[in-house]
Amino acid sequence: MSDTHEHATGDSMPELKQRVLELEGMLRACRLHLPNAPAEAVRELAASEERFALAVRGTNDGIWDWDIRTGQVFFSPPWKSMIGYADDEIENVFATFENLLHPEDHDRVMTMLNDYLAGRIPRYSVEFRFHHKDGSWRWILARGRALRDEHGAPYRMAGSHTDVTERKQVEEELQQARQAAESANNAKSTFLANMSHEIRTPMNGVIGMSELLLGTELNDTQREYLEMVKLSADSLLELLNDILDFSKIEAGRMELDVHEFDLNEIVTEIVQAMSLRVFQKRLVLLHHISPKVPARLIGDDGRLRQILVNLIGNAIKFTHKGGVTIEVDVASEAADLITLHFKINDTGIGIAADMQESIFEAFTQAETSTSRRYGGTGLGLAICHDLVALMQGRIWVESQPGTGSTFHFTAAFGRASGIPIKPKSPRIESIVATHASMKVLIAEDGHVNQLVGARMLEKRGHLITLASNGQEAIDLFKSAPFDAILMDVHMPGINGYAATARIRHLEQTTGGHVPIIAMTANAMKGDRERCLAAGMDDYISKPLRSAELFQVVEQFARNSAAQEPPQAAHALASPAPLPPADTAPFDLAEFRESTGDEKLMRKLVAIFSEDSQKYLRKAEKALAAGKATPLYEAAHSLKGMLGVYAAKKALTLSTELSDASHAGDLKTSQLILDQLKKECALLADALAASFSATT
C-alpha cells in the first residue's frame, strides 16, 4: 500500500492531475451532449467530479486548466491561496496570470509558453516570480501540457504551480556563500603572496649572511652557533614553502607542469642527495626500478620529486638502524598512460594502526610527542596526498610499530612518443668548478640583499655594480656593458618590470641583449611566468642560495668567457691549485659546496678511511662467499658515501660495482673491486693531505 501511495505522489503526480483534468473535460462534454442521460451515467459523472474535487483540494500544488479558444481559465483554490487570495477574489481569465508575472520575467515566460504551443520546444516548465497579495514576490515553478486537435493545433492546456520560494532562497544564499568563499580565496592568495615576499626578504639576509660567515675563519663555538642559526632559518623556509604549497592546493590553484623526463635520473639524484643523511645515521639506502618501467615518461617530475623526497626523508628520519628501500613497478597500462606503483620501505619506528589514515590529514602527527622529538609540521604527508591525487593516483601506508613502514603511492604518466614535449622547467644542477669572471649589475633596494648577493658573487670572482632602484639600473646600463643584471622586481619608483621594459626598448636602437634575471621574494604560482613575460631571461627567488645563484647567473657566462682575455682567467686562479677535477681523487670545491660546513667536512675526512674500509671488507667477504646480494648492498653503500666526497672516479667505480653485482656478474665485480680499493686508498691520502695543509 505504501509503495502505491509513494508512486502516486511522486514523479507521476503531474500526469495524474493531467489525466483527471482530461477526464473532467470528457465528462462535461458527455453532460452537454446527453441531457437525458441514464441515471447510472449521471452517478458515474458525479463520482468522477467528486474524485476530481478531492484531488484538487488534496494537493499543495495549484492546479490550472486553460481553454485556449475562449481564454477562460480554471484556477484551483490552492493556486489562489498560494499567492494570498481567496477563491472569489481573482477573475478566472488568462490575463490574471499574465498580470501577476514579475515585469522582469514576463517576456521570458510568455516566449517559452508561445514556443511550446507552437511546437518549437517539447515541454513547458519554467520558473518565475509571482506577485503575492501582501506585495511580496513568490518564486513559482509552472509545468503544463497541451491537448491538440488532429491538425496539431492546441485547444486546451492544463498544469500546476509549485511554490519554490524557499528553495530559491537557499540557492541564493549558497550563491552568496560561494561568492564570499571565492572572494576570501582571492584575498588569501594576495595575502600569501605578500607574506611570502615580506618573510623571504629578511630571511634572505639571515640565510645569506650565515652562509657567507660560514666561509670565514671561525672558532668551533662560533661555527656551532652559526650553524644552528642557519639550520633554524632553513627550517623556517621549509615551513613557509609547505604552507604556500598547501594553500595553493586547498585553493585549487596547484597545476602540474607536464614535460618529458627520465625517471631513473630523478630517483638516482634523490638517492645521492639523501646519501649524506643516510651515511651519518649509518643506514643503507637502496632503490630498484623494474625493467618494465619506461626509461622516459611524461609528467611533472618536480612534483614527483617533492613526493619522493618527503616520503624518503620521513623514512630516514624515523629509522635508527637498518635502512630504506625504494621500489618502482608498473601498476597498470593503457594506450597512452602508464600507472606506476612506488613503495618506500623502512625499518623504522612504525605507525599505530589507528593513526594510519589520519597521518595524511593536515597538521597531523602519528603521536603528540612525534613533533617534539622529530620536528615537522604535519603538512608534508597532506601535501603528498593531494599531489598524488593530482597525478590520478592514491597513497596509503602499511605499518607495524617497532618493525617499520611501507608507504605506497600510485601515479599516472604519459608515455614518451617522440612528439615534441613542453620544455622541462629549469632545474639547479651541480655548480661547475670553473667559470669566467662576469660583470654583474645588481638592482636591489634592500641593503642586506645587496650585500648578500654582492658578497656571494664577489667571492666567486665576479665584478659587481650596485643600483638601489630601477632608474639607477637604467642609467648604469646606458653607461657601461654588463654580462648580466640581477633585477629585484619590487623597488620604489621604477620597479623591476618597468626597468626591464626600458632596457629592452633601448636595446632595440643600440642592439645587443643583456640577460636580466628576476630576483624576488615572491614564490607563488605564475610569478616566474610573469617575469619571463616582462622580458626577463630567468628567475631566482629569495632567500638567495649560493649554489642556485651561481648556476642561474653563470649560465649566461658563455659569451663573456669568449671575450675574456686569458690573463683575466689566470688572475682568478687559486694560488695553490689542485690537480684537475678529472684526474684528482676528489673535487675540493664541490666537496665544500655539497657540505657547506667546514666542521662537518673535517669530521667526514676523519671517518673516511674507517668507513670506506668497512664497506670494502664487506664487499670482499661477499665476493669470497659468492653472494651477489650482500655485495650489491656494500657497493651501494659505498656509492652513497663516495658521492658526499665529490670523488668522481671512485663514485663511477662504485656505481659499476653496484651494477655488476646487481646483475650477478661476480667475475666483473672482482675486477672492479680491485680498482675501487686502489682508488679509495688514493682518495684517503688526498683528503688527509688537503685538510692537514689547511689546518
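Taking CG of Leu304 as the start and CD of Gln306 as the end, the distance is 10.0 Å to the nearest 0.5 Å. The CG atom of Leu651 sits 4.5 Å away from the OG1 atom of Thr655 when rounded to the nearest 0.5 Å. How far CD1 of Ile672 is from OG1 of Thr652: 11.0 Å, rounded to the nearest 0.5 Å. A distance of 11.0 Å separates CG in Asn345 from OG in Ser399, rounded to the nearest 0.5 Å.
Among residues at least two apart or in separate chains, ring pair (Phe, Tyr, Trp, His ring centres under 6.0 Å) pairs with a member in residues 329-358 are His341-Trp396, His341-His408, Phe342-Phe409. Residue pairs satisfying the ring pair (Phe, Tyr, Trp, His ring centres under 6.0 Å) criterion with at least one member in residues 280-310, sequence neighbours excluded, are listed as follows: His287-His636, His288-His662. Residue pairs meeting the side chain to side chain donor-acceptor pair (under 3.5 Å) criterion with at least one member in residues 614-625, sequence neighbours excluded: Glu620-Lys677.
In this structure the side chain of Leu683 reaches within 4.5 angstrom of the side chain of Leu687, judged on heavy atoms. Using a 4.5 Å cut-off on side-chain heavy atoms (C-beta onward), Ile312 and Val271 make no contact. Looking at heavy atoms from C-beta onward, Ile351 lies in side-chain contact with Phe407 at the 4.5 angstrom threshold. Counting heavy atoms from C-beta on, the side chains of Asp538 and Val553 never come closer than 4.5 Å. Looking at Leu263 and Phe413, their side chains never come closer than 4.5 Å, going by heavy atoms from C-beta outward. Ile270 places a side-chain heavy atom less than 4.5 Å from the side chain of Arg305. For the pair Val293/Val330, a side-chain contact is recorded, criterion being any heavy-atom separation below 4.5 Å from C-beta on. Counting heavy atoms from C-beta on, the side chains of Glu554 and His462 come closer than 4.5 Å.
In this structure, Ser654 contributes its side chain and Ala650 its backbone to a donor-acceptor pair below 3.5 Å. Using a distance-only test at 3.5 Å, with no hydrogens or angles considered, no donor-acceptor pair links the side chain of Gln551 to the main chain of Glu548. Within the 3.5 Å criterion, the main-chain N or O of Val388 finds no donor-acceptor partner in the side chain of Arg394. When atom types are taken as modelled, the side chain of Asp346 and the backbone of Gly404 share no donor-acceptor pair closer than 3.5 angstrom. A donor-acceptor pair is defined here as one N or O able to donate and one able to accept, closer than 3.5 Å; such a pair exists between the side chain of Ser437 and the backbone of Gly461.
Defined by atom type and a distance below 3.5 Å, a donor-acceptor pair is present between the side-chain atoms of Ser290 and Asp329.
Other residues, nucleotides and ligands contribute more than 12 heavy atoms inside 6.0 Å of the NZ atom of Lys281.
Annotation: cation-pi geometry satisfied between Arg282 and Phe279 (NZ/CZ under 6.0 angstrom from ring centroid, within 45° of ring axis).
Applying the side-chain hydrogen bond (donor to acceptor under 3.5 Å, both in side chains) rule to Ser661 yields no partners; only residues at least two apart in sequence or on another chain are considered. Considering only residues two or more places apart in sequence or on other chains, Lys459 meets the side chain to side chain contact (heavy atoms under 4.5 Å, CB included) condition with Leu212. Take Asp674 and apply the side-chain hydrogen bond (donor to acceptor under 3.5 Å, both in side chains) test, not counting sequence neighbours, and it matches Gln670. The salt bridge (charged side-chain N to carboxylate O under 4.0 Å, His left out) test applied to Lys292 returns no partner, not counting sequence neighbours. By the side-chain hydrogen bond (donor to acceptor under 3.5 Å, both in side chains) test, Gln392 pairs with no residue at all, sequence neighbours left out. With sequence neighbours excluded, the residues that form a side chain to side chain contact (heavy atoms under 4.5 Å, CB included) with Ala628 are Leu666. With sequence neighbours excluded, no residue satisfies salt bridge (charged side-chain N to carboxylate O under 4.0 Å, His left out) with Glu398. For Gln400, the side chain to side chain contact (heavy atoms under 4.5 Å, CB included) test picks out Thr403, with sequence neighbours left out. Legend: residues meeting side chain to side chain contact (heavy atoms under 4.5 Å, CB included) with Ser210, ordered by chain and number and at least two apart, are Val206, Leu226, Val229, Lys230.
When every heavy atom of Asp665 is checked against every heavy atom of Ser669, the shortest pair comes out as O-OG, 2.7 Å. Across Leu549 and Gly453, no two heavy atoms sit closer than the pair CD2-O, 4.3 Å. Annotation for Thr347 and Gly323: closest pair OG1-N, 3.1 Å, computed over non-hydrogen atoms. Here the closest non-hydrogen pair linking Asp300 and Met391 is O-CE, 3.7 Å. Here the shortest heavy-atom pairing between Val309 and Met274 reads O-CE, 3.4 Å. Shortest non-hydrogen contact noted between Ala315 and Ile344 is CB-CG2, 4.0 Å.
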Practice task
Start with the C-alpha distance between Lys648 and Asp587, add both sets of side-chain angles, then the distance that settles side chain to side chain contact (heavy atoms under 4.5 Å, CB included), and finish with yes or no.
Solution key: CA-CA 8 Å; Lys648 184 177 180 181; Asp587 187 325; over 6 Å; no

